[in-house]
Engineer: 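First the structure, then my questions, so here it is.
Letters A, B, ... are given to chains in the order of the sequence lines, protein chains preceding strands, and every chain is numbered from 1. Every heavy atom of this structure was used, including side-chain atoms; hydrogens, water molecules and symmetry mates were not.
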2 protein chains.
Amino acid sequence: MSGAKKSSGRSSADEAATRKRGRSLAALGYIQPQTYEELRAVLSSGTVHFPKRLRQVAIFLWQHPSDVALGTIAQVAAQAGVQPSTLVRFAQIFGYSGFSDFQGLFKEHVKGSWPEGRGEPRADAEPNAATHFLHGMVGASQASLGRIEAGFDVESFEKMVATLAAADLIYVIGSKRAFPVTAYLSLTLSQQGVRNVLVDNVGSSALDQVGCIGGSDAVLAVSFSPYNSITPDLVAVAHERKARIVTITDSTFSPLIRLSDSWLEVVESDFAGFRSLAASLAVGMALVQGVAAKRGT
Amino acid sequence: MSGAKKSSGRSSADEAATRKRGRSLAALGYIQPQTYEELRAVLSSGTVHFPKRLRQVAIFLWQHPSDVALGTIAQVAAQAGVQPSTLVRFAQIFGYSGFSDFQGLFKEHVKGSWPEGRGEPRADAEPNAATHFLHGMVGASQASLGRIEAGFDVESFEKMVATLAAADLIYVIGSKRAFPVTAYLSLTLSQQGVRNVLVDNVGSSALDQVGCIGGSDAVLAVSFSPYNSITPDLVAVAHERKARIVTITDSTFSPLIRLSDSWLEVVESDFAGFRSLAASLAVGMALVQGVAAKRGT
DNA sequence: AGAAAATTGGAAATCCTGTTCGAAAGTGGT
DNA sequence: ACCACTTTCGAACAGGATTTCCAATTTTCT
């Protein structure tokens, strides 16, 4: 609290910056974002209105996080079309002492998104019922994720991407446990500009929906054992109507396989009967990204 | 990255470095690696035998490319356990004028394999682009999972379980990215014999649904940034009707927090703009299990 | 074992980067 | 149109980062 003016002390520098400029967000009740995700949340919330140059900065940060993480302030400023000092001001508005601190957020994020970048989980056995189950669930998820990386059929995957990219319209089908996966697939496909229909069976209209499938359409089916939902029936109809069919399922015994042009096996672990979906979602996202990339070109 | 700003004679500086030290690889017939892949190829070929410290450097570069790209020379040296000057020497052996030039390789590589936000996912000439993305997605999932295990608010969690277990009827609310999570929550709750309503907004009936919430009911809300969906509106209505509200969200900026009796922060990583749901699902399953256990007794 | 060569550690010197500050330009209200 | 206030620009400054250099140490060859 001793008001040293330009001491190099980090924390006191923050306070000094806040005190000096009455308009910092901290003064308005906001707190300093501690992670990249929080920063994105603030930027996207639309609650902050920036003047022209600062908005320009915000947009650039949003669109080119890796350039911000890797570059020097001069390079970033040049790419964003502003002065270096503008970047410093931007960082200070959010309560940071300067650009360097602020850039740390981006570095953390890029490092975190980089496969090699993370450490191994350490084993602290905490005797607590809640954390014990969470730990088990996390373990099941990580086991599932590890398994797909270990053995992944790239050939099938690329065939699936090609099939879906060539399709006129994509029908996404999955019930029960698979439904959360198909819901996310449908959402991300739409966000990537890929037209698709989520067959959710609202109003029991699923059979009628698939009755409209044409030969130039494709079905993306997700199904897990036990295979007693309506998914096999729906896919059978699509198959009769000559649609291309790609499947994500969890064993070679799935009735969908003989109907499918290509398929991937994704085995999910469970803990105390609660099954993970982590691997299926990861594979699903990869599919969506692949299709979007292929469509884009 | 156009670092064309440095000192005047870049190319002549290279030659000078080469001429001065008789043992540079260039003098031995090797050429200066122009890309990160070339560097990796040279390192892995095993044709070069380094003394102890330099080998240490090579191993570190191999295992932690993102740290090399993001850090300063001092940070990298500390992590690798060598002196900064050793890194400079290493770079010069490969024909670079110094560490900065050499680091450029790593920066290029990291930036190149980071498909920029909303931008066009450029189809790299990388043959295994599919597996690279899958790898990244798995990494994002694992990062998310690791994060919740690292810092998990057990107190809030148990308060949430207690609230939900005491409720007459549980309303599960979430839109867009959060919907897959709520769909799975609703399914597993039902499978555990816990009565619940999934507010899916089919037929735009969500507002009317939450209009029926009573004081003995509870809301389980899931919401991620940007918070521009109808979820905050729905939860606000439930709050007015005196329902207990528990929330899973991804930052302290979420508008749901001030409406909630208890809440958990679950930060999900993303890769190339595709966000993982692994952590939210794991936490959700833990919640369901906790509620079911408490109801059962 | 001894000497020469290679390698390493550490501090000094230099270059560059990030930050600060005052003036200029822009904006909005009276 | 004028004034007060905010925002932006650009140059000067300070501090940090990279590089260089030399002595100390280890290795290798005779």
Side-chain angles (χ1 to χ4, degrees), chain A residues 4-10 12-14 16-17 19-25 27-28 48-58 68 70-78 80-94 96-104 106-107, chain B residues 1-10 13-14 16-17 19-25 27-28 48-58 68 70-104 106-107:
Chain A
K5 197 83 171 286
K6 27 184 199 179
S7 71
S8 54
R10 266 297 145 67
S12 66
D14 291 351
R19 234 182 305 120
K20 200 183 303 181
R21 339 190 81 253
R23 283 295 303 275
S24 94
L25 287 182
L28 293 175
V48 196
H49 287 293
F50 290 116
K52 195 170 56 180
R53 278 292 120 88
L54 291 181
R55 161 161 311 201
Q56 209 171 317
V57 170
V68 178
L70 272 333
T72 67
I73 191 173
Q75 293 166 342
V76 175
V82 301
Q83 295 291 322
S85 51
T86 306
L87 291 177
V88 176
R89 254 184 301 125
F90 189 93
Q92 288 174 338
I93 286 175
F94 281 94
Y96 290 90
S97 72
F99 179 74
S100 300
D101 274 9
F102 186 69
Q103 191 184 32
F106 289 79
K107 291 192 173 183
Chain B
M1 190 173 290
S2 59
K5 267 250 290 258
K6 282 263 175 87
S7 62
S8 44
R10 168 64 52 79
D14 293 349
R19 234 182 303 120
K20 201 181 301 182
R21 334 192 85 255
R23 284 293 305 271
S24 91
L25 288 181
L28 294 174
V48 197
H49 287 295
F50 290 116
K52 195 168 56 177
R53 278 292 117 90
L54 291 181
R55 162 161 314 199
Q56 209 171 317
V57 170
V68 178
L70 273 330
T72 68
I73 191 174
Q75 292 167 341
V76 175
Q79 289 181 80
V82 300
Q83 294 291 323
S85 52
T86 306
L87 290 178
V88 175
R89 244 180 277 124
F90 188 93
Q92 288 174 338
I93 287 175
F94 282 95
Y96 290 90
S97 72
F99 178 74
S100 299
D101 274 8
F102 184 68
Q103 191 184 33
F106 289 78
K107 290 191 173 183

Engineer: How far does CD of A/Gln92 sit from OG of A/Ser85, to the nearest 0.5 angstrom?
Structural biologist: 10.0 Å
Engineer: Carefully, step by step, assess A/Phe102 and A/Phe90 under the rule side-chain contact (heavy atoms from CB on, under 4.5 Å).
Structural biologist: CA-CA 9 Å; A/Phe102 186 69; A/Phe90 189 93; 3.9 Å; yes
Engineer: Could you check how far CD1 of B/Ile73 sits from P of C/dC15, rounded to whole Å?
Structural biologist: 17 Å
Engineer: Could you give the OH-to-C1' distance, from A/Tyr96 to C/dT19, as a whole number of Å?
Structural biologist: 18 Å
Engineer: Given 3.5 Å as the limit, does a donor-acceptor pair link the side chain of B/Gln83 with the main chain of B/Ala77, or not?
Structural biologist: no
Engineer: Does B/Leu87 reach a base, just sugar-phosphate, or nothing at all? Heavy atoms under 4.0 Å.
Structural biologist: nothing
Engineer: Using whole Å, report how far CZ of B/Phe90 lies from P of C/dT8.
Structural biologist: 11 Å
Engineer: Using whole Å, what does the distance between atom P of nucleotide D/dT19 and atom CD1 of B/Ile93 come to?
Structural biologist: 14 Å
Engineer: Would you mind reading off the distance between A/Asp101 atom CG and C/dT17 atom C1', rounded to a whole angstrom?
Structural biologist: 15 Å
Engineer: Check this one for me: any side-chain N or O of B/Gln83 less than 4.0 Å away from OP1 or OP2 of C/dG10?
Structural biologist: yes
Engineer: Considering only heavy atoms and no angle criterion, is a donor-acceptor pair shorter than 3.5 Å present between the side chain of B/Ser85 and the base of C/dG10?
Structural biologist: yes
Engineer: Which nucleotide in the set D/dC9, C/dT20, C/dG9 lies at the smallest distance from any side-chain heavy atom of A/Val88?
Structural biologist: C/dT20
Engineer: Is A/Gln92 near enough to C/dT20 that one of its side-chain N or O atoms lies under 4.0 angstrom from OP1 or OP2?
Structural biologist: yes
Engineer: At under 4.0 Å, does any side-chain N or O of A/Arg89 touch on OP1 or OP2 of D/dT7?
Structural biologist: no
Engineer: Is B/Gln79 reaching over with its side chain to a backbone N or O of B/Gly71, donor-acceptor style, under 3.5 angstrom?
Structural biologist: no
